[in-house]
Amino acid sequence: MLQLNYIREQKEEAIQKLAKKGFDATTILAEVIALDDKRKSTQAELDSVLAQSNQIAKEIGMLFKNGEVEKANAAKAQTATLKEQSKSLQEQQSKINQDLQDLLVQIPNIPHDLVPAGKSAEDNEVVSEEGTIPSLGETNLPHWELAAKYDLIDFELGNKITGAGFPVYKGKGARLQRALINFFLDKNTDAGYLEVQPPHLVNEDSGFGTGQLPDKEGQMYHVTGDNLYLIPTAEVPVTNIFRDVIVKSEEFPIKYTAYTPCFRREAGSYGKDVRGLNRLHQFDKVEIVQVQSPEKSYETLDVMVKHVTEILRDLELPFRILKLCGGDMSFTSALTYDMEVYSAAQERWLEVSSISNFESYQANRLKLRYKDKNKKNQLCHTLNGSALALPRIVAALLENNQTPEGIRIPKALVPYTGFDIIN
RNA sequence: GGAGAGAUGGCAGAGUGGUCGAAUGCGGUGGUCUUGAAAACCAUUGUACCGAGAGGUACCGGGGGUUCGAAUCCCUCUCUCUCCGCCA
């Protein structure tokens, strides 16, 4: 959620910058400002009515104390009008506040100046590319066939138990999952992130805090019996640790990492893009989250990209880094880098991490603040990224490392898998 | 699932209708003292909105009600705790 002060003071800038996200803010920002004016004047009026009522109430109290009952009863008569007024003003005001809130949550975050213009994934900017794309023999297989061949992942079985998009990992496939999770968590904790295990279900307030609610409800599984949501990413519970918190500036940077399964309804696409591990309803991911001061958040974003880069190097996968264009980035983000690995049998790039700076957009919803030098409360900046999402890493590992003898495991992972080949 | 108790400031914990944004203790911050520290003492110490300021308003789990006036009374929701049952 954007800050009202920013909207009021930098309306033209906001309109111009939001255009990069393909969002025409002209009307809505004008509405917001008009409503906020209304809010201020109504509040002022209400405050003065309440001040009068409070004054009279105090006087009545004194009168009763002094035994001047008639005077007190006379004073009571005065309050009737004030009471009506304050009641009506209060009703107006709560409606105004609700309307204002409803508008504010419809406005996406302002993209950073570095964000390239563009409408879709086509327009993302390739920042760098690294690693060698393996040339596989004619007989190479996509990962879903490799998974079947070595009995690593059973998609059909998941179908039976739950439905499409809920695979069952078996044997070395399951072990590989566990190895990757441990490997990622170790890399992250070595880099100073505090490991946490958050709940996998969250309430409405948490969904709102990170921006999934109210608009993106369709993305999450909703447990209606208890009005809870299955998390689509660890970002939600981990970032919400900081909801309604005022941190000390000495605590920066605050760094958390968590492994969780992620649940996404993802209604939509069909075909080869979603085959195998490419898109699932349940998948595993290790997330990194940082809370930082506004001055340092972009520095931190770079550090996080570098951190994920190192993990990908360890995995010996060819990867590239994209800077997302305005049209492709998320509603809540100010600047996002995507990390993609090359999946050699599918012959395409797969997103395995998305690292974003949300600036104060989430913090404003979360009421996550810190005390600045002047002891004033300011909104923090929040950042997060995947380090890393498992399924597409597994897809690339299986495809890129297939040999006639079996699937080779990268050196860095062997201590975690306990085997160096799947055959 | 059954029965009961409770929700107050960073924490602990008073406060059952009026001057209570809220006693007291602890903690935090600043100071005095000290070579330094501790102790002691003094002061200060919630959040948000409006206002140039003076100041005003709101907030004692959430929502609603009674009243001139509510932390305090009533209704309702949520959550927490204790005991019993069940259970990984």
Side-chain angles (χ1 to χ4, degrees), chain A residues 1-9 32-101 103-104 197-209 213-214 222-229 237 240-252 254 261 291 360 363-380:
Chain A
M1 206 159 65
L2 296 178
Q3 293 179 254
L4 264 172
N5 279 346
Y6 172 77
I7 293 176
R8 296 191 71 99
E9 286 160 23
V32 164
I33 292 171
L35 253 186
D36 191 44
D37 287 339
K38 187 111 182 282
R39 194 201 104 240
K40 284 187 184 182
S41 62
T42 309
Q43 187 66 49
E45 211 180 324
L46 175 61
D47 283 356
S48 95
V49 170
L50 288 174
Q52 290 175 57
S53 306
N54 286 344
Q55 183 55 37
I56 294 174
K58 253 181 208 173
E59 283 163 13
I60 291 173
M62 292 304 283
L63 290 171
F64 273 123
K65 207 162 242 178
N66 299 334
E68 302 180 71
V69 180
E70 295 96 65
K71 276 194 184 176
N73 284 326
K76 276 193 197 177
Q78 293 177 48
T79 61
T81 343
L82 290 174
K83 216 176 168 185
E84 264 171 48
Q85 282 178 346
S86 70
K87 192 166 185 186
S88 132
L89 285 167
Q90 241 150 23
E91 277 163 15
Q92 284 178 46
Q93 188 67 332
S94 72
K95 169 110 174 49
I96 290 168
N97 281 329
Q98 188 56 55
D99 291 349
L100 191 56
Q101 181 78 358
L103 287 178
L104 284 172
Q197 288 197 14
H200 299 169
L201 288 143
V202 294
N203 59 28
E204 268 183 346
D205 285 345
S206 294
F208 177 82
L213 296 175
H222 188 190
V223 181
T224 52
D226 297 285
N227 197 25
L228 296 172
Y229 295 86
N240 271 283
I241 290 172
F242 298 99
R243 175 149 49 83
D244 290 319
V245 167
I246 300 176
V247 299
K248 298 196 181 103
S249 52
E250 308 92 81
E251 295 175 55
F252 291 137
I254 299 169
V291 178
S360 60
N364 195 24
R365 293 177 157 228
L366 294 162
K367 303 227 179 332
L368 164 54
R369 292 161 295 175
Y370 71 100
K371 288 214 187 289
D372 69 12
K373 290 181 213 94
N374 308 317
K375 300 207 168 178
K376 276 212 61 164
N377 290 332
Q378 304 284 356
L379 293 174
C380 301

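Below, chain A is the first sequence line, B the second, and so on; all start at residue 1.
- For the C1' atoms, the distance from G31(B) to U82(B) is 47 Å, rounded to whole Å.
- Legend: residues meeting side chain to side chain contact (heavy atoms under 4.5 Å, CB included) with Gln197(A), ordered by chain and number and at least two apart, are absent.
- Closest contact between the side chain of Arg39(A) and the listed nucleotides C50(B), C68(B), A48(B) involves C50(B).
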Between N or O atoms, less than 3.5 Å apart, protein on one side and nucleotides 19-21 of chain B on the other: list the pairs.
residue	atom	partner	partner atom	Å
U19(B)	O4	Lys65(A)	NZ	2.2

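- When the P atom is used for both G53(B) and U35(B), the distance is 45 Å, rounded to whole Å.
- Residues Ile7(A) and Leu104(A) have side chains in contact (heavy-atom distance under 4.5 Å, counting atoms from C-beta outward).
- Searching all strands for a Watson-Crick or G-U wobble partner of A71(B) with both distances below 3.5 Å returns nothing.
- With sequence neighbours excluded, no residue forms a salt bridge (charged side-chain N to carboxylate O under 4.0 Å, His left out) with Glu204(A).
- Under the rule for a side chain to side chain contact (heavy atoms under 4.5 Å, CB included), the partners of Ile246(A) that lie at least two apart in sequence or sit in another chain are Arg369(A), Lys371(A), Asn377(A).
- Base pairing analysis places C59(B) opposite G46(B); the two distances defining the Watson-Crick or G-U wobble pair are each below 3.5 Å.
- Where Ala75(A) and Ala44(A) each meet RNA chain B at their nearest nucleotide, the meeting point lying more 5' is that of Ala44(A).
- Partners of Gln78(A) under the side chain to side chain contact (heavy atoms under 4.5 Å, CB included) rule, at least two apart in sequence or in another chain, are Ile56(A), Ala75(A).
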- Note on the structure: Going 5' to 3' through nucleotides 51-57 of chain B and flagging B where a protein heavy-atom sits under 4.0 Å of the base, S where only the sugar-phosphate is that close, and - otherwise, we get -----BS
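- Not counting sequence neighbours, the partners of Ser206(A) by the side chain to side chain donor-acceptor pair (under 3.5 Å) test are Asn203(A), Arg243(A).
- Under the 30°/60° scheme for interplanar angles, the aromatic rings of Tyr229(A) and His222(A) are found to lie parallel.
- Taking Lys71(A) as the reference, Glu68(A) meet the salt bridge (charged side-chain N to carboxylate O under 4.0 Å, His left out) condition, with sequence neighbours excluded.
- For Lys95(A), the salt bridge (charged side-chain N to carboxylate O under 4.0 Å, His left out) partners two or more places apart in sequence, or in a different chain, are Asp99(A).
- Between C33(B) and G27(B), the two P atoms lie 22 Å apart (nearest whole Å).
- Pair check for G6(B) finds C79(B); Watson-Crick or G-U wobble, both atom distances under 3.5 Å.
- A39(B) and G28(B) have their P atoms separated by 9 Å, with the value rounded to a whole Å.
- Spacing between atom NZ of Lys87(A) and atom P of G69(B) amounts to 12 Å, rounded to whole angstrom units.
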Between the protein and nucleotides 74-79 of chain B, which nitrogen or oxygen pairs come in under 3.5 angstrom?
none

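- Remark: Gln93(A) pairs with Arg39(A), Thr42(A), Gln43(A), Ile96(A), Asn97(A) by the side chain to side chain contact (heavy atoms under 4.5 Å, CB included) rule, at least two apart or across chains.
- Spacing of C1' atoms, G17(B) relative to C60(B), comes out at 15 Å, to the nearest Å.
- Qualifying salt bridge (charged side-chain N to carboxylate O under 4.0 Å, His left out) partners for Asp205(A), counting only residues two or more places apart in sequence or in other chains: none.
- Using atom P as the reference point in both G6(B) and G13(B), the two lie 14 Å apart (nearest Å).
- For the C1' atoms, the distance from G9(B) to U24(B) is 13 Å, rounded to whole Å.
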